Structure formats: structure tokens, C-alpha cells
There are 2 protein chains.
Amino acid sequence: MGDTNDTAAWAALLRVHAALVPRMDKELQVKCGLPLTWYDVLLELNAAPGRRLSMGELGDVAVVSRTRASRVVDQLVAAGLVTRESNPDDKRSAYALITDAGRKRLRAAAPIYLGAIEQYFTSRMSPDEAATVARALEKVLAGDGAAGVHVD
Amino acid sequence: MGDTNDTAAWAALLRVHAALVPRMDKELQVKCGLPLTWYDVLLELNAAPGRRLSMGELGDVAVVSRTRASRVVDQLVAAGLVTRESNPDDKRSAYALITDAGRKRLRAAAPIYLGAIEQYFTSRMSPDEAATVARALEKVLAGDGAAGVHVD
DNA sequence: AGTAAGAATGTGCGTGCGCACGCATTTTCC
DNA sequence: GGAAAATGCGTGCGCACGCACATTCTTACT
């Protein structure tokens with residue numbers, strides 16, 4: 001609004017994140033007993049080839065950092081939604097493998113989460129706008145690998 | 001990418017936030033000794049009428065929560081960038097008022113921050129896209145007050 | 001006026017999170 | 001082959017963050 005046009009998009013992104021992420025996290029946790037972090041990790045594991053990912057890969061592909069991923073996997077193992085498995089080819093690395101129970105929980109939570117995204121986010125804009133937002137932000141991510149990004 | 005079109009925009013927003021916010025925070029802190037949270041609070045105070053804001057207003061307008069704002073203001077007072085001032089009309093409320101030193105620090109930090117936004121974010125997309133992103137995300141925020149949002 | 005309900009703030013506390021570090025293993029280089 | 005650098009991982013630690021609660025003051029109601 002009072003913002004110069006360049007920063008308006010960035011400022012809005014920060015505010016949307018601050019407003020919606022806690023709300024969706026609470027909602028997911030109340031309706032599914034599943035924190036957003038767990039959902040994200042389970043989603044990535046489920047989509048990965050062989051339904052398994054090393055900790056480093058998980059840190060790269062998921063929103064959480066690598067060290068955080070390690071601890072989230074601990075919790076998921078304790079909850080029976082994931083198992084740890086060692087890689088015979090590289091004994092340093094540890095795979096996280098989603099269990100059937102994990103996939104069940106993920107499938108149960110998905111409609112809740114997707115519904116929240118639709119209700120709070122996507123439905124507020126036109127389909128064209130949603131497509132443009134997705135394309136623009138993906139370009140931001142693409143130009144990212146160049147400038148050193150790693151958080152951990 | 002593999003995402004259904006609806007969730008692609010939201011997923012990209014999460015990833016952009018996760019990738020860029022820590023980076024900008026570090027950069028601002030290294031080059032200006034100013035955490036992103038401080039910058040945000042100083043910016044809002046500086047833009048406010050009378051250059052002052054109560055804690056509740058600050059929590060509403062800034063990205064930080066109300067309780068967090070109270071503590072950030074403590075730090076800013078200790079750093080001499082802000083002063084606390086009581087409201088004669090309502091002795092419960094406490095105003096935070098930006099000092100000249102605070103404005104100086106803010107003016108010094110602004111080009112760094114704006115440059116980072118341009119470099120990492122805005123320059124990756126076309127001006128049209130930036131405008132569309134801003135408009136779409138502001139609509140998300142506008143439709144927000146309705147559904148109870150308050151975090152604190 | 002007097003009392004009960006409500007609002008604004010600050011603080012103790014538990015949790016989430018990433019960094020710095022150390023350990024184990026792999027890879028590179030001589 | 002063997003040593004040195006590099007990689008992957010888990011953990012101790014400190015900081016950021018919000019919730020629940022107590023406090024102080026204001027407002028509404030009788």
C-alpha cells in the first residue's frame with residue numbers, strides 16, 4: 001500500500017506466511033493430531049523413490065533444516081509412522097522410510113490440509129493469479145541454487 | 001511440479017520463505033548488526049503516526065506477535081533505538097517511540113534490505129508478475145480478518 | 001458511587017529451531 | 001596402501017517464539 005511496488009510483493013508474502021502458517025498448523029494438529037512439520041516430512045518421504053530418503057536429502061527437499069529433520073524423524077519413529085534404516089552402501093547415512101501407518105495418517109490428513117489451503121489461500125485469488133504466483137515463486141527458487149543457500 | 005495446480009502456489013510460498021528469510025536475516029545482521037525482527041519493528045514504528053505505537057497495535061501491524069513485540073521493544077530500548085512512553089489517556093497501554101538513533105539505524109539498513117529483496121526476490125520475476133503476486137497476496141490478507149486469526 | 005466484566009501489558013515456562021561441534025565413514029591425493 | 005580432506009549424521013546448547021497467567025487499569029452496568 002504505502003510500499004514501493006518492488007517491496008509490496010515481498011512484504012505481502014511475509015504477512016501471509018505469518019498469518020496462515022500458525023493457523024494451518026493449529027488446525028492440522030487439532031483435527032489430525034499431526035503438526036505441519038510431520039505432514040511435510042511424511043509427504044516428502046511418501047513421494048520419494050522407494051518411499052525413503054536420507055537425512056541430508058530430506059533436509060534439502062523439505063522445508064525443515066537437516067538437523068531439525070533428524071529430530072522430527074526421531075519423533076515419527078516413536079510414533080510408528082517412520083522407521084530408520086541404514087544404507088549398506090554408505091554406513092554414515094541413515095534412511096528414513098515411511099511405514100504403512102505413516103501413509104495412512106498422511107492420507108487421512110491430506111484432505112484437511114488441502115482444504116485449509118483452498119479455504120484460506122487459493123480461494124482468495126483467481127485461478128490465473130494462482131498460476132502466476134506459483135510460476136513466479138518457482139522462478140525465485142530456481143535462481144536460488146546459484147547464490148549459496150544452505151542453511152545448515 | 002508434481003503438485004496439483006492449487007497447492008503449487010502455496011508450496012512455493014513456503015519454500016521461498018524458508019530459503020530467503022534466514023538468508024536475508026543473516027545478511028542484515030552481518031552488514032548492519034540488525035536482526036530482521038528489529039528492522040520490521042523499527043519500520044512500523046517509523047511509519048506510524050507520531051512515530052509511536054502501542055504494543056497491541058505493534059503486534060497487529062508487524063510480523064511478530066504481541067508478546068514477542070514486547071520483548072523486542074525491550075531489546076531496542078536497551079540498544080537506545082526506541083523509548084517506552086506511557087499513555088496519559090490509558091495508563092495500561094505503553095507506547096514504543098522510535099528515537100533519532102533508531103531512525104538513523106533504520107535509514108542505514110534500508111538500502112541493504114531493499115537490495116537483498118531486489119536481488120533474491122523481485123529480480124527473479126517480471127514486473128508484471130511482481131505486481132500480480134502483490135495483488136493476489138494482499139487479497140489473501142484482506143479476506144483474513146473475517147475468519148478469526150489472532151495468534152495471541 | 002460501587003462492583004463486575006473487559007482490555008492492555010509484562011513475564012514464567014515449555015517448545016521449536018538451527019549452529020557448532022564431535023564421531024564415524026568415505027573419498028581423494030600422494 | 002596410507003594419510004588427509006571431505007561427507008553424513010546425531011547431539012548439546014542457546015536463542016526465538018507464543019501460550020497461560022497475573023497485574024493494572026478502564027469501561028459498563030446497576
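Naming convention: chains lettered A, B, ... in sequence-line order (proteins, then strands); numbering from 1 in each chain. Only heavy atoms go into these numbers, but all of them, side chains included; no hydrogens, no water, no symmetry mates. All figures in this text were calculated on a predicted structure; none of them were measured in a lab.
- Contact annotation: A:S93 does not reach the phosphate of C:dT25 (side-chain N/O to OP1 or OP2, under 4.0 Å).
- B:T67 has no side-chain polar atom (N or O) that falls below the 4.0 Å cut-off from OP1 or OP2 of D:dA16.
- At least one side-chain nitrogen or oxygen of A:R84 sits closer than 4.0 Å to the OP1 or OP2 atom of D:dG10.
- Distance CG (B:L36) to P (D:dA16): 13 Å, rounded to an integer number of Å.
- Looking at B:E27 and B:R23, no side-chain N of the basic residue comes within less than 4.0 Å of a carboxylate O on the acidic one, giving no salt bridge.
- Residue A:K139 qualifies as enclosed at atom NZ: its count of foreign heavy atoms under 6.0 Å is above 12.
- Closest approach to the A:R66 side chain among D:dC9, C:dG10, D:dC13 is made by D:dC9 (side chain taken as heavy atoms from C-beta onward).
- Looking at which nucleotide of DNA chain D each of B:D90 and A:M55 is closest to, the 5′-most match is held by A:M55.
- Each of A:P88 and B:D74 was matched to the nucleotide of DNA chain C holding its nearest heavy atom; the match closer to the 5' end belongs to B:D74.
- C:dT15 atom P lies 15 Å from atom NZ of A:K26, rounded to whole Å.
- Judged by distance alone, with hydrogens and angles left aside, the side-chain atoms of A:R124 form no donor-acceptor pair with the main-chain N or O of B:E138 at under 3.5 Å.
- Nearest approach of A:H17 to A:P22, heavy atoms of both residues: O-CD, 3.7 Å.
- Neither OP1 nor OP2 of C:dA8 sits under 4.0 Å from any side-chain N or O of B:K91.
- For A:R68 and C:dC17, the shortest distance from a side-chain N or O to OP1 or OP2 is below 4.0 Å.
- Side-chain atoms of B:R23 stay outside donor-acceptor range of the base of C:dG18, with no qualifying N/O pair under 3.5 Å.
- Remark: B:S70 is in phosphate contact with C:dG10, judged by side-chain N or O atoms under 4.0 Å from OP1 or OP2.
- Between C:dG18 and A:S65, a contact under 4.0 Å exists linking OP1 or OP2 to a side-chain N or O.
- Contact check on B:R51 versus B:E85 returns no salt bridge, with no Lys/Arg side-chain nitrogen under 4.0 Å from an Asp/Glu carboxylate oxygen.
- With hydrogens and angles ignored, a donor-acceptor pair closer than 3.5 Å exists between the side chain of A:R92 and the base of D:dT7.
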